[in-house]
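Encoded as structure tokens, the structure appears first; notes follow it.
Since we're looking at a predicted model, the values are computed, not measured. Just so it is clear: chains get the letters A, B, ... in the order the sequence lines come, proteins before strands, and each one is counted from 1.
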Protein chains: 6
Amino acid sequence: MERNVDTFLACDRTFEDAKIVLFGAPFDSTTSFRPGTRFASRAIRGDSFGLETYSPYQDKDLTDTAAFDGGDLELPFGNPVPALEKIEQYTERILRAGKLPCMVGGEHLVTLGAARAVIRHFPDLHVLHFDAHADLRDEYLGEALSHASVMRRVWELVGDGRIFQFGIRSGDRSEFLWAKEHVFTNRFNFNGLEETVRKLSGKPVYLSIDLDVLDPSVFPGTGTPEAGGVSFLELLRAVLTVSNLNIVACDVNELCPVYDQSGVSTAVACKLLRELLIALSKS
Amino acid sequence: MERNVDTFLACDRTFEDAKIVLFGAPFDSTTSFRPGTRFASRAIRGDSFGLETYSPYQDKDLTDTAAFDGGDLELPFGNPVPALEKIEQYTERILRAGKLPCMVGGEHLVTLGAARAVIRHFPDLHVLHFDAHADLRDEYLGEALSHASVMRRVWELVGDGRIFQFGIRSGDRSEFLWAKEHVFTNRFNFNGLEETVRKLSGKPVYLSIDLDVLDPSVFPGTGTPEAGGVSFLELLRAVLTVSNLNIVACDVNELCPVYDQSGVSTAVACKLLRELLIALSKS
Amino acid sequence: MERNVDTFLACDRTFEDAKIVLFGAPFDSTTSFRPGTRFASRAIRGDSFGLETYSPYQDKDLTDTAAFDGGDLELPFGNPVPALEKIEQYTERILRAGKLPCMVGGEHLVTLGAARAVIRHFPDLHVLHFDAHADLRDEYLGEALSHASVMRRVWELVGDGRIFQFGIRSGDRSEFLWAKEHVFTNRFNFNGLEETVRKLSGKPVYLSIDLDVLDPSVFPGTGTPEAGGVSFLELLRAVLTVSNLNIVACDVNELCPVYDQSGVSTAVACKLLRELLIALSKS
Amino acid sequence: MERNVDTFLACDRTFEDAKIVLFGAPFDSTTSFRPGTRFASRAIRGDSFGLETYSPYQDKDLTDTAAFDGGDLELPFGNPVPALEKIEQYTERILRAGKLPCMVGGEHLVTLGAARAVIRHFPDLHVLHFDAHADLRDEYLGEALSHASVMRRVWELVGDGRIFQFGIRSGDRSEFLWAKEHVFTNRFNFNGLEETVRKLSGKPVYLSIDLDVLDPSVFPGTGTPEAGGVSFLELLRAVLTVSNLNIVACDVNELCPVYDQSGVSTAVACKLLRELLIALSKS
Amino acid sequence: MERNVDTFLACDRTFEDAKIVLFGAPFDSTTSFRPGTRFASRAIRGDSFGLETYSPYQDKDLTDTAAFDGGDLELPFGNPVPALEKIEQYTERILRAGKLPCMVGGEHLVTLGAARAVIRHFPDLHVLHFDAHADLRDEYLGEALSHASVMRRVWELVGDGRIFQFGIRSGDRSEFLWAKEHVFTNRFNFNGLEETVRKLSGKPVYLSIDLDVLDPSVFPGTGTPEAGGVSFLELLRAVLTVSNLNIVACDVNELCPVYDQSGVSTAVACKLLRELLIALSKS
Amino acid sequence: MERNVDTFLACDRTFEDAKIVLFGAPFDSTTSFRPGTRFASRAIRGDSFGLETYSPYQDKDLTDTAAFDGGDLELPFGNPVPALEKIEQYTERILRAGKLPCMVGGEHLVTLGAARAVIRHFPDLHVLHFDAHADLRDEYLGEALSHASVMRRVWELVGDGRIFQFGIRSGDRSEFLWAKEHVFTNRFNFNGLEETVRKLSGKPVYLSIDLDVLDPSVFPGTGTPEAGGVSFLELLRAVLTVSNLNIVACDVNELCPVYDQSGVSTAVACKLLRELLIALSKS
């Protein structure tokens with residue numbers, strides 16, 4: 001008799017058959033305000049039962065997407081160094097097999113682990129970053145590895161002019177000043193995204209989505225809710241817009257289910273992930 | 001001394017005096033994801049205390065509407081057949097008395113019970129259906145009576161071209177394909193509603209509102225939240241728009257209070273119900 | 001690369017190697033008050049991460065128990081007849097393979113499906129029933145298949161003098177009267193359990209645990225909390241006491257996670273299940 | 001057709017036929033910590049659906065008790081003076097009709113309103129007071145009318161040696177000192193209750209139960225949870241013990257449903273109220 | 001070693017150095033539906049940890065604003081008279097020191113206490129009132145001091161034509177009728193705010209923000225959620241628009257944290273308060 | 001005007017005057033299951049408003065205890081090394097000033113930081129450890145610094161025979177085996193505590209209380225609830241019993257408020273802390 005395999009929606013291909021490999025990175029040790037994103041990937045798998053596999057937005061079905069859900073990595077607590085290494089290793093395996101990694105955080109720091117592997121395969125990597133927070137601090141309370149500094153660490157990998165941020169509406173003054181010199185930051189919304197898409201055409205792109213780019217009314221279940229965000233349909237449109245780029249890796253982060261007893265935040269994350277997977281498989 | 005009569009807001013006329021009869025259908029046995037809508041009608045009565053009877057949108061007061069709240073039907077658990085029969089019988093009594101039935105679900109399957117009675121009185125019945133989900137499956141896990149197939153069952157009563165759906169953003173691929181042949185389905189929003197209103201002018205109309213047509217940010221307290229829905233004001237506008245039609249019966253469904261600890265979903269349902277009752281009494 | 005197999009704690013043997021087969025029966029359509037037990041088995045698997053495999057009570061480790069977690073059955077909503085059939089079939093397969101079925105409900109009605117299979121294999125079956133509620137009604141709101149009548153249905157299978165109830169503190173007057181003639185009912189607690197154990201020595205026993213036998217302070221996450229129940233240690237002691245009997249099947253029911261935001265009810269269910277599995281494997 | 005009468009369990013006699021009149025006093029303006037008890041009586045009526053009318057503890061059924069539920073008084077917010085007057089007036093009407101008033105608070109201050117009426121009818125009134133808090137302050141932040149001073153105000157009505165407190169485990173030092181001179185205070189539990197019952201034999205007794213006498217594990221849904229309380233069975237036993245006295249009025253207070261998302265506190269209150277009503281009707 | 005000083009964000013100047021004095025008025029005794037705003041100011045201080053001091057909307061930092069957080073007033077429960085006196089006295093001290101008072105409620109009635117002091121210093125006072133509710137009743141259940149009548153009481157201080165309301169979408173019919181004669185009421189949104197700003201140019205203005213002017217999706221944590229409100233960005237824009245006026249006092253009210261388990265309502269209040277303080281310090 | 005000083009209950013002396021110094025250590029990065037204890041100390045300060053300063057158990061008042069609440073340490077996230085250093089330094093300052101440190105966690109690992117300072121001052125240090133979990137692992141997922149290994153790390157400081165554990169009911173098999181050689185472990189409850197107290201008479205003792213030693217019914221708000229624990233009164237009695245020892249430092253850990261919406265866990269922690277502080281000041 002069959003084992004109890006637990007996957008997100010229809011991500012039930014084998015690793016070998018899949019073009020996209022989904023996996024969870026349940027790490028939240030550097031979360032600066034309200035921890036708990038470690039439970040995101042499990043919540044997403046469970047509540048995807050309430051979602052159809054078919055997208056009326058794209059008129060495609062996730063069952064037609066060759067996706068495999070590899071489950072969650074086993075990551076240590078309280079030490080980002082080995083956690084990032086494990087994420088890097090798993091991402092490396094996916095890339096080496098010629099597949100597209102799609103990571104579900106965890107806090108946003110997990111992006112650094114994946115990015116380290118991705119840049120080895122795509123030295124000309126560009127990063128599309130949807131977020132409420134700039135995440136560009138050099139350190140946070142003395143720690144260089146923090147979800148508040150992840151994009152600064154990624155910048156150290158990719159260099160100036162390679163990171164494009166949208167939706168940013170929080171950061172300290174110095175982050176915004178530093179950003180002007182080193183990254184493209186669009187405040188508050190997705191204005192200018194089409195132009196960025198034109199610029200990035202043909203380049204390998206890492207798409208990193210911090211779900212708190214959404215307004216807290218839409219997505220209360222996150223560690224640091226920040227009022228004034230985008231709607232679900234705005235984020236969906238942005239994802240569909242950028243899905244025509246050469247996306248070589250992606251992640252979806254910062255769902256913290258315990259802060260949303262209604263389950264709506266998890267439902268939003270599930271739906272966005274479905275749309276993202278379908279959109280990525282088109283290309 | 002008086003008995004403790006519990007009604008929604010000012011729905012305190014006698015059955016005889018009333019033009020509109022409100023009643024609850026606390027049934028949720030076929031709910032496919034998160035059950036609990038059986039508690040909706042009670043929650044709506046209790047929390048209507050926090051709402052005024054006056055509508056600044058319509059500049060009318062519910063106290064001027066001749067409405068009677070008949071309380072909740074006593075429905076069995078785990079068997080939709082007798083539950084639907086009881087709903088049908090009560091609706092029949094209301095219609096026979098020349099009054100307008102306004103049912104508060106419960107899950108959406110309850111619409112089938114009421115529709116069976118309504119069609120006997122209005123053979124030319126048309127159905128206006130506001131919902132996130134198409135509800136057009138032929139069966140769900142082998143069951144023909146399910147909240148995921150209720151509009152398919154209603155279609156069996158009314159036939160092709162009689163059901164007009166708005167706000168639909170979820171369904172499996174086959175439902176959307178089937179819909180093209182048999183019903184009018186407007187995806188995502190209320191675009192085209194005015195044209196539908198023109199078409200239905202003079203026809204007897206059953207208005208069935210699944211409150212999950214609202215965005216989950218507005219209405220998290222429901223069994224199957226589906227991101228990307230309409231705002232409260234969009235739904236209100238739609239209700240006021242269609243209230244000029246010859247509405248002969250209506251229902252409001254799928255509030256599941258336990259999934260919204262804030263009570264906001266119940267407050268939204270109360271306010272929509274107030275506006276609906278006032279709007280219906282204008283005609 | 002490995003698939004994401006999701007099991008309760010260490011229940012990771014193959015079906016073939018296992019002596020005990022755990023499975024979930026996520027059915028709650030006849031729940032009379034607050035539904036939601038369909039999510040119990042999934043919750044138990046997820047939160048078992050917070051529990052050790054070792055029992056200091058029995059000085060044994062679950063890793064030494066040959067248990068397989070077969071996942072959840074796919075059961076229809078709103079119709080107990082096919083749901084009970086599927087439970088019966090799966091139980092039959094386990095028994096035919098010479099293994100012990102351990103079902104996680106769901107509402108208590110699921111016991112009937114399993115019992116139908118068990119009695120075929122063990123015609124001399126006796127039933128040990130720990131519960132707050134007598135569950136002996138002949139019908140509930142007209143329905144014979146209800147979680148409030150499950151033990152009455154089981155009695156129809158096993159006959160007089162075969163059901164032994166403990167912890168019962170709720171029922172209508174007629175149930176208690178009927179019980180006097182047909183079953184052994186110990187009110188409120190486990191007094192007299194040792195004597196019952198002596199009586200049942202050598203007999204094949206179905207152990208059915210409705211977790212609401214626990215006091216609601218210990219186990220709030222259930223559909224019909226009933227004050228005045230037993231403590232966790234009292235229930236644990238009772239389980240260990242009866243584990244020396246010839247238990248041929250068992251179930252653990254009525255965890256309704258949504259009503260316990262603290263997760264404590266799920267943690268209690270996990271721990272009891274661990275102890276039960278270890279205790280059963282001793283024999 | 002019938003109006004939607006909402007009563008606690010089987011309290012459905014007419015006022016005229018009833019021997020006991022239940023009513024709600026939804027007032028919580030002087031609550032010192034967490035307000036919200038105004039919603040207690042409504043919650044109790046609704047959730048009593050999950051409770052049987054039969055008591056296996058007393059082998060009696062509430063349907064045999066002639067009780068009428070008069071619903072909730074309409075009390076102003078923010079001013080205890082008129083609120084207490086309305087409570088006094090309604091209590092007066094019940095007493096004048098020769099019936100026993102049973103009030104559901106609300107905060108504990110509501111006892112004062114009822115007591116003012118009761119003492120007119122029973123000048124030799126004695127008060128049995130089950131509570132975690134002494135409630136004997138002369139004032140609280142300058143206010144003489146406060147739930148923290150209600151028993152001091154009642155003492156002004158009945159005088160020394162007439163109040164018997166049990167379960168008390170909180171108060172300021174001066175309250176405990178003052179208590180030694182004026183009332184009988186048993187700390188922490190019900191030790192000595194039998195002796196008090198002997199003392200009060202034949203006297204008219206007002207029984208006032210602040211449900212926070214229960215341990216917060218049993219009854220978390222209250223404004224000022226105080227660890228170290230009694231169990232449900234201890235409180236039940238105490239209620240049954242005193243029910244043989246000449247109880248001429250009673251109240252049950254301080255359920256604050258919003259602080260118990262599990263609903264267990266409401267379930268506990270319902271069950272205690274059922275037992276109290278049955279016990280009172282024996283006499 | 002330092003004492004544990006608790007302030008909102010960077011409001012850490014001394015009283016003497018500050019130009020703005022923040023303080024909490026934890027009073028909610030006249031709340032007509034769901035009480036609990038007394039915990040707002042404490043929640044705002046604690047959760048301001050999750051917010052940056054820098055505003056990307058105004059490109060200014062709260063650390064540059066000379067603000068002092070004086071903590072919470074100690075207010076009695078259940079009696080608005082002395083509570084309003086204490087608020088009036090503290091506001092008087094702030095004004096006498098030539099500083100701008102910024103009060104955090106509590107329920108909306110607290111505005112009356114502050115307004116009494118402000119009008120003494122600014123007899124030509126005008127009031128800008130953002131709210132879902134008109135708050136213009138003459139009394140509520142017989143009480144003249146109520147959060148539902150606070151603007152009527154303020155009108156008694158300032159007279160006709162001095163109160164400008166925006167966002168109003170709830171009230172009884174008589175309030176709206178009365179309003180036409182005495183105050184300027186803009187229903188539903190901030191249309192016409194620019195014109196009002198022109199009118200009020202140069203006048204001393206009291207800005208009173210009832211946060212339930214926000215849509216309940218954005219701000220569920222309030223006592224009387226009222227569907228159909230403004231978005232966070234609309235409210236932010238309105239605040240920035242009016243901040244160029246001569247604002248001499250302000251308040252932010254009606255956050256009720258217990259009704260928003262996600263903490264999002266508190267986060268919204270924190271962010272609005274930051275923007276308000278920065279905006280006020282510009283002038 | 002006064003700054004807004006925030007302390008636990010009456011812990012309002014100056015550092016210089018105090019004999020006991022309370023402080024918070026809001027660290028939870030190594031939490032293995034559900035994080036969030038970082039919010040414990042703030043919650044305890046806020047909710048101590050609902051508690052009296054007087055103890056009827058000890059007939060003493062906390063106002064008579066010379067205690068100072070130094071607030072919370074600012075600790076980094078995601079790196080236990082500097083966090084433990086800061087805890088060690090602050091503890092060192094307290095001890096050097098001849099005062100007794102009383103730390104409020106945070107997760108249990110914080111004990112290690114304090115213990116490092118304490119052992120320098122008291123080389124003959126003995127440790128009394130009340131907990132559900134043995135916390136004796138050598139490492140957890142590769143990390144030596146973990147809340148699951150804190151007592152193993154403390155053992156490295158104090159050596160064999162110096163740690164006395166009570167209430168332990170969870171651990172892996174190897175921990176229990178290791179324990180037999182190196183520490184005194186009493187399973188499940190406080191049996192034998194008096195004998196331990198006799199043994200430790202005159203020795204310097206560090207008392208470390210993991211509040212999950214309490215049964216989850218009493219204390220649901222914790223990261224890893226473990227059924228079968230002690231009652232509040234049993235823990236209180238144990239604390240009073242050991243308070244006659246020469247306690248030179250203490251801590252109270254693992255309150256995770258977000259998992260207890262009722263606030264009861266925080267109330268329990270507050271009351272235990274009050275009793276502990278009063279008991280310690282007796283000596």
Which bit of E:Asp260 is near chain B, if near means a heavy-atom gap under 4.5 Å: side chain, backbone, both or neither? backbone
Looking at B:Leu236, B:Val264, B:Asp215, which makes the most heavy-atom pairs under 4.5 Å with chain E? B:Val264
Under a 4.0 Å N-O cut-off, is there an ion pair linking B:Glu52 with E:Arg137? yes
Parallel, tilted or perpendicular, as decided by the 30° and 60° cut-offs, for the rings of B:Tyr57 and E:Phe188: parallel
Atom group of B:Phe232 that falls short of 4.5 Å from chain E, counting heavy atoms: side chain
Over 12 foreign heavy atoms within 6.0 Å of CD, E:Glu195: no
So, for B:Gln261 and E:Val258, which heavy atoms are closest and what is the spacing to 0.1 Å? NE2-O, 2.7 Å
For the backbone of B:Pro56 and the side chain of E:Arg169, can you confirm whether one donor and one acceptor N or O come within less than 3.5 Å of each other? no
Working for side chain to side chain contact (heavy atoms under 4.5 Å, CB included), residues B:Asp47 and E:Phe33: CA-CA 9 Å; B:Asp47 285 5; E:Phe33 188 36; 3.9 Å; yes
Largest heavy-atom contact set with chain B, pairs under 4.5 Å, which of E:Thr224, E:Thr222, E:Asp172: E:Asp172
Enclosure of E:Glu139 CD (heavy-atom neighbours >12, cutoff 6.0 Å): yes
Tell me if the NZ atom of B:Lys99 is crowded by more than 12 foreign heavy atoms within 6.0 Å. yes
Hey, are E:Arg173 and B:Asp64 close enough for a salt bridge, meaning a charged N less than 4.0 Å from a carboxylate O? yes
Of the backbone (N, CA, C, O) and the side chain (C-beta and beyond), which part of B:Ser55 lies under 4.5 Å from a heavy atom of chain E, both, or neither? neither
Please state whether the side chain, the backbone, both or neither of B:Leu51 comes within less than 4.5 Å of a heavy atom of chain E. side chain
Interchain contact, B:Ser217 with chain E, by part (heavy-atom threshold 4.5 Å): both
Measuring heavy-atom distances to chain B, does E:Ser32 have an atom under 4.5 Å in its side chain, in its backbone, in both, or in neither? backbone
